Amino acid sequence: MPETSTPLRKLGFLTIGLFDEADPRRGHESTLEIIELGERLGFDSAWVRHRHLQYGISSPVAVLAAASQRTSRIELGTAVIPVGWENPLRLAEDLATVDLLSGGRLNPGVSVGPPMHFDQVKHALYPDTAEAEDFGHGRVERLLDFVRGTPATDFSGVEGFEVFSDRVQPQAPGLGRRMWYGAGGLRSARWAGEHGMNLLTSSVVKAEESEDFAEVQLSHIRTFRAHHPDGDRARVSQGLVVIPTDSATPEQRKKYEEYAEGRTPRTVTPQGPARMMFAPDLVGTSEEIAERLYAHAAFREVDEVAFALPFTFAHEDYVQILTDIAHGLGPALGWRPAG
């Protein structure tokens with residue numbers, strides 16, 4: 001087994017929270033049960049994806065509010081909320097509320113850009129202001145300002161029996177330092193560093209300087225830290241798809257291998273006009289996956305991960321994968337479960 005000078009400090013996982021249209025409650029309950037399992041296994045964090053007009057979690061903040069009442073220790077994150085769908089002031093209120101309910105465990109991850117299929121949804125989402133909406137980094141700046149306590153209005157004081165604040169309420173101490181940015185390109189990585197955010201890197205990047213995924217991701221991490229006030233101590237979490245098979249049944253192994261094989265072609269060359277690069281899914285024993293991670297230039301640069309669970313597997317598959325990550329892969333990477 002290769003040696004690493006930096007043991008893995010924080011181990012997390014990411015789930016999309018799929019559900020059946022005919023029984024959406026069961027899918028949401030499955031997500032909550034998986035988060036509860038993650039806490040029992042000693043994971044440091046659990047993250048949920050965000051999907052609109054699809055059969056996945058459309059309200060991650062609400063789901064994490066529920067998770068906060070069914071857990072006591074594990075950190076709860078979003079990876080990521082596309083703020084083009086959100087009003088930054090209202091989102092700041094929701095995030096602060098859930099952070100307080102969780103006891104300061106919320107880690108909101110966000111991204112920018114127009115909503116997916118914007119031309120088809122803009123009349124429902126922004127019927128009067130679609131052409132005027134700012135979908136760039138300025139939208140996240142507004143969110144950061146509100147979370148960090150910048151006044152939202154010049155009005156405050158008492159009016160009749162009601163008391164008004166000029167800041168978003170509630171204010172959640174420390175939440176501003178736990179805001180994450182999901183960056184796929186150099187410009188966004190630099191911007192996140194300059195604005196004191198934490199960096200989420202995933203299995204998708206833009207092929208800007210290279211067509212080697214690990215090299216591209218490494219350049220994003222180093223650019224981010226070069227422009228962050230904390231420098232090399234700035235927090236970065238990597239989120240590749242890993243599927244350990246230590247305790248998998250033969251049927252599960254076959255399904256996992258076929259899943260990864262079907263997604264492999266997109267990892268060979270940049271995809272589409274944006275030249276997006278996808279990392280291969282890592283399937284195998286914990287020792288095999290650890291060896292591949294130690295050989296990954298970007299992984300060697302981080303001490304936090306939020307491994308992504310595959311999209312379309314069954315609840316029992318996620319239980320097996322999480323258990324093998326906690327009992328096999330995590331320790332092989334130098335991680336120790338939280339007590």
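Values in this document were obtained by computation on a predicted structure and should not be read as measured data.
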Query - From Gln69 atom CD to Leu64 atom CG, the distance as rounded to the nearest 0.5 Å - result: 11.5 Å
Query raised in the report: Parallel under 30°, tilted from 30 to 60°, perpendicular over 60°: which one fits the rings of Phe19 and Tyr55?
Result: perpendicular
Query raised in the report: Is atom NZ of Lys206 surrounded by more than 12 heavy atoms (other residues, nucleotides or ligands) closer than 6.0 Å?
Result: no
Query raised in the report: Hey, mind stepping through Gln238 and Gln217 against side chain to side chain donor-acceptor pair (under 3.5 Å) and telling me if it holds?
Result: CA-CA 9 Å; Gln238 188 192 44; Gln217 194 170 62; 2.7 Å; yes
Report summary line: For Leu186 and Ser219, the nearest pair of non-hydrogen atoms, with its separation, is CD2-O, 3.8 Å
Report summary line: Rounding to 0.5 Å, atoms CZ (Arg51) and OG (Ser58) come to a distance of 11.5 Å
Query raised in the report: Is the side chain of Thr201 donor-acceptor paired with the backbone N or O of Ser237 at a distance under 3.5 Å, no angle test?
Result: yes
Requested in this report: Output yes when a side-chain donor or acceptor of Ser202 lies under 3.5 Å from a complementary backbone atom of Val204, and no otherwise.
Outcome: yes
Query raised in the report: How far apart are the C-alpha atoms of Thr153 and Asp166, what are their side-chain angles, what is the distance that settles it, and do they pass the side chain to side chain donor-acceptor pair (under 3.5 Å) test?
Result: CA-CA 5 Å; Thr153 174; Asp166 62 353; over 6 Å; no
**Report entry** Gln54 atom CD: more than 12 heavy-atom contacts under 6.0 Å
**Finding:** yes
Query raised in the report: So do Val205 and Met276 actually touch side chain to side chain, heavy atoms under 4.5 Å?
Result: no
Requested in this report: Could you grab the distance from atom NE2 of His327 to atom CG of Leu41, nearest 0.5 Å is fine?
Outcome: 5.0 Å
Query raised in the report: Would you call Asp230 and Arg225 a salt bridge, using N to O less than 4.0 angstrom?
Result: no
Query raised in the report: Would you find more than 12 non-hydrogen atoms of other residues, nucleotides or ligands less than 6.0 Å from Arg177 atom CZ?
Result: no
Query raised in the report: Do Thr245 side-chain atoms and Gly284 backbone N/O form a donor-acceptor pair below 3.5 Å?
Result: yes
**Report entry** Under-4.0 Å salt bridge between Asp134 and Arg139
**Finding:** no
**Report entry** Interatomic spacing from CD in Glu304 to CG in Leu11 - rounded to 0.5 Å
**Finding:** 10.5 Å
Query raised in the report: For Arg105 and Thr71, does a side-chain donor sit closer than 3.5 Å to a side-chain acceptor?
Result: yes
Requested in this report: Report yes if some heavy atom in the side chain of Pro88 is under 4.5 Å from a heavy atom in the side chain of Phe146; otherwise report no.
Outcome: yes
Query raised in the report: About how many Å separate NE2 of His117 and CG of Leu125, when rounded to the nearest 0.5 Å?
Result: 14.0 Å
**Report entry** Ring geometry between Trp191 and His195 (parallel below 30°, tilted from 30 to 60°, perpendicular above 60°)
**Finding:** parallel
Query raised in the report: Which is it for Tyr259 and Thr312 under the side-chain contact (heavy atoms from CB on, under 4.5 Å) test, yes or no, and what are the steps along the way?
Result: CA-CA 9 Å; Tyr259 174 86; Thr312 57; 3.9 Å; yes
Report task. Count the heavy atoms belonging to other residues, nucleotides or ligands that lie under 6.0 Å from CD of Glu162, then report whether that count exceeds 12. Result -> no
Query raised in the report: Hey, are the side chains of Thr285 and Pro244 touching, using non-hydrogen atoms and a 4.5 Å cut-off?
Result: no
Report task. May I ask you to test the Phe213-Pro280 pair for a side-chain heavy-atom distance under 4.5 Å? Result -> no
Report task. Assess the side chains of Ser286 and Asp246: does a donor N or O sit below 3.5 Å from an acceptor N or O? Result -> yes
Query raised in the report: Do Met179 and Leu95 have side chains that get closer than 4.5 Å, going by heavy atoms?
Result: yes
Report task. Can you see which heavy atom on Tyr294 is nearest to which on Ala332, and at what distance? Result -> OH-O, 3.0 Å
Query raised in the report: Side-chain contact, heavy-atom cut-off 4.5 Å: Lys122 with Glu131?
Result: yes
Query raised in the report: Will you find, in the side chains of Asn107 and Trp47, an N or O donor that is under 3.5 Å from an N or O acceptor?
Result: no
Requested in this report: Establish, yes or no, whether a centroid distance under 6.0 Å links the rings of Phe313 and Tyr256.
Outcome: yes
Query raised in the report: Would you call Leu8 and Val302 a side-chain contact if the rule is heavy atoms closer than 4.5 Å?
Result: no
Query - Sidechain N-carboxylate O distance under 4.0 Å for Glu258, Lys254 - result: yes
Query raised in the report: What do you reckon, are the aromatic ring centroids of His123 and Phe118 less than 6.0 Å apart?
Result: no
Query raised in the report: Are the aromatic rings of His220 and Phe224 close, with centres under 6.0 Å apart?
Result: no
Query raised in the report: Can we say Asp99 and Arg178 salt-bridge, meaning some charged N sits less than 4.0 Å from an Asp/Glu carboxylate O?
Result: yes
Query raised in the report: Taking NZ, NE, NH1 and NH2 as the nitrogens, is one of them in Arg292 or Glu288 under 4.0 Å from a carboxylate oxygen of the other?
Result: no
Query - More than 12 heavy atoms from other groups under 6.0 Å of CG on Asp232 - result: no
Report summary line: Residues Leu199 and Ala189: closest non-hydrogen pair is CD1-CA, 4.5 Å
Query - Smallest separation among heavy atoms of Gly17 and Thr31, with atom names - result: CA-OG1, 3.2 Å
Query raised in the report: Quick one: do the Glu93 and Gln169 side chains pair a donor with an acceptor below 3.5 Å?
Result: no
Query - Audit row: Arg49, Thr15, side-chain contact (heavy atoms from CB on, under 4.5 Å) steps and yes/no - result: CA-CA 6 Å; Arg49 290 187 184 273; Thr15 179; over 6 Å; no
Report task. Tell me, with the steps shown, if Leu218 and Arg300 meet side-chain contact (heavy atoms from CB on, under 4.5 Å). Result -> CA-CA 9 Å; Leu218 178 63; Arg300 293 197 300 268; over 6 Å; no
Query raised in the report: Could you walk me through whether Phe299 and Val305 pass the side-chain contact (heavy atoms from CB on, under 4.5 Å) check?
Result: CA-CA 9 Å; Phe299 176 81; Val305 295; 3.8 Å; yes
Query raised in the report: Are Glu215 and Ser210 linked by a side-chain donor-acceptor pair shorter than 3.5 Å?
Result: yes
Query raised in the report: Can you tell if the side chain of Ser111 reaches within under 4.5 Å of the side chain of Pro82, non-hydrogen atoms only?
Result: yes
Report task. Grab the two heavy atoms, one from Phe307 and one from Ile325, that are nearest each other, plus how far apart they are. Result -> CD1-CG2, 4.3 Å
Query raised in the report: So, for Val80 and Leu200, which heavy atoms are closest and what is the spacing to 0.1 Å?
Result: CG1-CD1, 3.7 Å
**Report entry** salt bridge (Lys or Arg N to Asp or Glu O under 4.0 Å) evaluation trace for Glu208 with Arg187
**Finding:** CA-CA 10 Å; Glu208 296 170 306; Arg187 177 172 172 266; over 6 Å; no
Query raised in the report: Judged by modelled atom types alone, do Ser30 and His315 share a side-chain donor-acceptor pair under 3.5 Å?
Result: yes
Requested in this report: Supply the atom-to-atom distance Leu309 CG to Ile16 CD1, rounded to the nearest 0.5 angstrom.
Outcome: 10.5 Å
Requested in this report: Look at Arg148 together with Asp145 and state whether they make a salt bridge at an N to O cut-off of under 4.0 Å.
Outcome: no
Query raised in the report: Do the side chain of His228 and the main chain of Met197 share a donor and acceptor less than 3.5 angstrom apart?
Result: yes
Query raised in the report: In a check of salt bridge (Lys or Arg N to Asp or Glu O under 4.0 Å) between Glu33 and each of Arg40, Arg26, Arg70, which one passes?
Result: Arg26
Query raised in the report: Same hydrophobic cluster for Val168 and Leu101, using side-chain heavy-atom links shorter than 4.5 Å among ILVMFWY?
Result: no
Report task. Say whether, by atom type as modelled, one donor and one acceptor occur between the side chain of Thr264 and the main chain of Ala260 under 3.5 angstrom. Result -> yes
